[in-house]
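When a ligand or atom number is given, it counts from 1 through the structure's own listing order.
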Amino acid sequence: MSARIRNIVVVVAAAFVCGAAAAKTPVDPARDPKAVQTTVEAAYAKYRGLQEGKNADYIPALAKVDPNVYGIALITVDGKVFTAGDLATEVSIQSISKVFTMARVIEDQGPAAIAENMGVDATGQVFNSIVAIEHYRGSEMNAMVNPGEITSTSMVTGGSYDEIWGKILGIHNNFAGRSLSVLEDVYKSEAETNQRNQAIGRLMFAYGHIKDNPDRATDIYTRQCSIGVNVKDLATMAATLANGGKNPVTGKQVIGADNVPEVLAVMATAGLYDDSGKWLYRTGLPAKSGVGGGIIAVAPGKFGIAVISPPLDAAGNSVRAQNAIADISNALGGNPYSITPR
Ligand code: GLU
C-alpha cells in the first residue's frame, strides 16, 4: 500500500471511529430538547404494537382496564416535560405508592426507622410472600414488598384513620403536584379480595413489626394502592426524586434532599419485584412498578420518567414500560453508573 493510500485509509477509519463515538453521545435535554421529544416518540412508536404480557387479574378491577392504554412522560429536573401517547387515562398507582408512603415515614422518623423495622434487603421471594415473613420473622425484607409496606403504612402516625390517610394522600399529592383521588371501583374490588394481604398484616403484627390495628393498616394500604394517576403524575413524582425531593413543576420541597438516597436505594434493591437485578443491570435506574401497569424510574440529577401500559410480564412488570424506559434512558445517558473516563 502506498503511503498516500495508507493515509487516506487512516483518515477514513478515524472519521468512522469518531462518528461511532459521536453517535453514542447522550441526548442532552438542556441542549437539544427536540431530540429528547424525538427519542420519546420513537420509543412510543416502537412498542405500541407489542402484544406481550397480560393485565393483572387477581384484583378483578385490573383485568377490566383497557390493555391498549399506553403513555410515556419524561420530566427533567428543571421542569421540562416530554410526552407521547395517552396522557389522560388514570390507572391505580398500586405498588408505586409504596415508594411515597415509605418516603413519608423516612421523612418523619428518619431512615433508620425503616431499616430497623422491616429491613432494606431483597427477599428473593414474590412481593406478597408469606414464606419471606416466616424466614426472618418479618425482618430482613423491605418496604417495596407487601409485608414491609403494610408495616410502613402502619408507621404513619395519626389519631384516626382519616388523619393517617390524609398524610398518605398528602405526600402523594405533593409528589404529583396536584390533588389525586382514589379510584373507588379499584379500592372496592381489592378490598373484597385482599384476604392474603390481611393475613400478611396480621403476621407482621404477630411478629411485632406492626404495633397495633393490622387490619386498619392493610385497609389504608389497599386505599393508597387505589389512588388514580396519569402518566404525567407518575413522571412528576419520579422527577421530584430525581431533583433531590423538590418537585420541579411546583417548586415545592416535598421531602428533605438528605432522605432521597435511602428512598432510591430501596427502589434499586427491590423496585421491580423478582426482576429488580435484571432491571438494574439493564438500566442502572432506581425504579418501581405496580400491577396497575405503571413504572416510574429515576435518573438522579437528570430526569424522572414514567410509562403506563397494563399488560405485565411473568414477574409483574409492564412489558412496554420496561422497554420504553430502557430505550429512552439509555439514549439520554440516564444510567448513573455509566461514567465517561477522564
Ligand atoms: N395492591 C396490590 C397488592 O397488594 C399491589 C401489588 C403491586 O402493585 O405490586 O397486591
Between Tyr58, Tyr273, Tyr187, which one has a non-hydrogen atom sitting closest to atom 3 (C) of ligand 1? Tyr58
Tell me the contacting part of Asn128 for ligand 1: side chain, backbone, both, or neither, using a 4.0 Å heavy-atom threshold, strictly below. neither
Atom 7 (C) of ligand 1: closest protein heavy atom, distance to 0.1 Å, is Ser95 OG, 2.6 Å
Between Tyr58 and Phe127, how do the two ring planes meet: parallel, tilted or perpendicular, split at 30° and 60°? tilted
Note, His172 side chain near Met237 side chain (heavy atom, < 4.5 Å): yes
Please state which protein non-hydrogen atom is closest to atom 5 (C) of ligand 1 and give its distance, to 0.1 Å? Gln94 OE1, 3.2 Å
With side chain to side chain donor-acceptor pair (under 3.5 Å) as the test, would you mind laying out the steps for Ser329 and Lys302 before giving the verdict? CA-CA 10 Å; Ser329 174; Lys302 293 183 174 158; over 6 Å; no
Give the atom numbers and elements of ligand 1 that come within less than 4.0 Å of a heavy atom of Asn197. 3 (C), 4 (O), 10 (O)
Contact partition for Asn146 relative to ligand 1, non-hydrogen atoms under 4.0 Å: side chain
Any N or O of Ser289 closer than 3.5 Å to N or O of ligand 1: no
From Asn174 CG over to Lys252 NZ, what is the distance, rounded to the nearest 0.5 angstrom? 4.5 Å
Options Arg223, Arg196, Glu190, ranked by nearest heavy atom to atom 1 (N) of ligand 1, top entry: Glu190
Considering the heavy atoms of Val291, write down every atom of ligand 1 situated less than 4.0 Å from one of them. 6 (C), 7 (C), 8 (O), 9 (O)
Listed pairs under 3.5 Å, donor-acceptor, residues 331-342 side chains, sequence neighbours left out:
| from | atom 1 | to | atom 2 | distance (Å) |
| --- | --- | --- | --- | --- |
| Asn335 | OD1 | Tyr337 | N | 2.8 |
| Asn335 | ND2 | Thr283 | O | 3.2 |

Interfacing atoms of ligand 1 (cut-off 4.0 Å, heavy-atom, Gly290): 8 (O)
Tell me, yes or no, whether the heavy-atom count around Lys232 atom NZ, taken from other residues, nucleotides or ligands under 6.0 Å, exceeds 12. no
Taking only heavy atoms of Tyr221, which atoms of ligand 1 are found under 4.0 Å from at least one of them? 1 (N), 2 (C), 3 (C), 4 (O), 5 (C)
Flag side-chain contact, heavy atom, 4.5 Å: Leu180 against Glu90: no
Is the contact between Cys225 and ligand 1 made by the side chain, the backbone, both, or neither, using heavy atoms and a 4.0 Å cut-off? side chain
Salt bridge or not for Arg104 and Asp108, using N-O below 4.0 Å? yes
